[in-house]
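Notes follow the structure.
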Amino acid sequence: MRNKIILSLITLLIPSFSFADDLEDLVDAINEVSTNNTEINHSTKALQDVCSTIVNIKSEGKCAVYKTKISGHIGNSNPRAKGNTWIGFRGCTKRYGNKMNFVDSKGNVVNSLVRYNNSGKTYAYRFYCTQGVQSCSGCCRRARSIYNTAVQNTGSGTIYAVGKNKRCVEIPDARKCYNSSGC
């Protein structure tokens with residue numbers, strides 16, 4: 001049964017692959033199917049229970065930068081290199097705590113990130129994979145894996161970044177970067 005699932009995934013996903021990065025995503029997808037991933041909450045909460053306000057990421061500009069690939073200055077061995085990134089530049093309102101969740105359109109958590117260094121010269125906040133000291137269940141999933149989980153749960157690759165006071169930012173396609181010139 002496991003081999004049939006893996007073969008089906010390869011057959012389904014191979015036509016859309018460009019090369020090495022996509023091959024890593026394929027391996028992630030295969031591992032997700034072949035293991036029992038208990039880190040991700042597959043509850044059936046309605047999105048309205050998680051988000052009282054929803055804004056589109058494009059309207060957020062520099063205050064909601066969603067990156068599916070890590071910046072070139074961060075090495076592959078750095079824990080931040082393992083998943084997606086959420087950034088807000090200097091001057092943005094800090095709308096997020098120390099950990100942020102990404103949910104699908106049914107309110108299921110499909111990824112989580114933790115705050116990395118509250119601020120800097122250019123950033124108001126940055127969220128990456130776990131930083132070793134902090135624990136983050138469900139962190140460090142690649143964009144295609146997040147997208148695939150959302151599609152499996154809901155039929156849609158749209159996800160939502162959950163902030164304080166149930167304010168959510170809609171990300172129309174979890175595989176794509178938004179508000180970033182670096183992707």
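Hydrogens, waters and symmetry mates are skipped; everything else that's a heavy atom, side chains included, is used.
Of the options Asn111, Asn84, Thr149, a side chain to side chain donor-acceptor pair (under 3.5 Å) to Arg141 is made by Thr149 and by none of the others.
Two residues are said to be in side-chain contact when any heavy atoms from C-beta on lie closer than 4.5 Å; Ser105 and Tyr160 meet this criterion. Looking at Trp86 and Tyr96, their side chains come closer than 4.5 Å, going by heavy atoms from C-beta outward. Inter-residue side-chain proximity for Val110 and Asn153 is flagged as met; some heavy-atom pair is nearer than 4.5 Å. With a 4.5 Å cut-off on side-chain heavy atoms, Tyr123 and Ile87 count as touching.
Atom CD1 of residue Ile159 and atom CD1 of residue Ile57 lie 8.5 Å apart, to the nearest 0.5 angstrom. Separation of atoms CD (Gln48) and SG (Cys168) is listed at 10.5 Å; rounding is to 0.5 Å. Expressed to the nearest 0.5 Å, how far OH of Tyr147 lies from OG1 of Thr158 amounts to 8.5 Å. Remark: Lys99 NZ to Arg115 CZ distance equals 14.0 Å, nearest 0.5 Å. With values rounded to the nearest 0.5 angstrom, Arg90 atom CZ is found 12.0 Å from Tyr125 atom OH. Taken from SG in Cys177 to NZ in Lys67, the straight-line distance is 7.0 Å, to the nearest 0.5 Å.
Asp104 approaches Leu47 most closely through the heavy-atom pair O-CD1, 3.7 Å. Contact detail for Lys62 and Val65: the closest heavy-atom pair is O-CG2, 3.9 Å. Residues Arg167 and Glu60 come closest through the heavy atom pair NH2-OE2, 3.0 Å. Of all non-hydrogen atoms in Val169 and Asn56, the two that sit nearest each other are CG1-C, 4.3 Å. The minimum heavy-atom distance between Ser52 and Asn165, with the atom names listed, is OG-O, 3.4 Å. Closest heavy-atom contact between Met100 and Val162: CB-O, 4.0 Å.
There is no side-chain donor-acceptor pair under 3.5 Å between Ser156 and Thr154.
Ring geometry for Phe102 versus Tyr66: interplanar angle of 30 to 60°, hence tilted.
Within the 3.5 Å criterion, the main-chain N or O of Asp49 finds a donor-acceptor partner in the side chain of Lys166.
Hydrophobic clustering of Ile, Leu, Val, Met, Phe, Trp and Tyr side chains at less than 4.5 Å, counting indirect connections, unites Ile54 with Val109.
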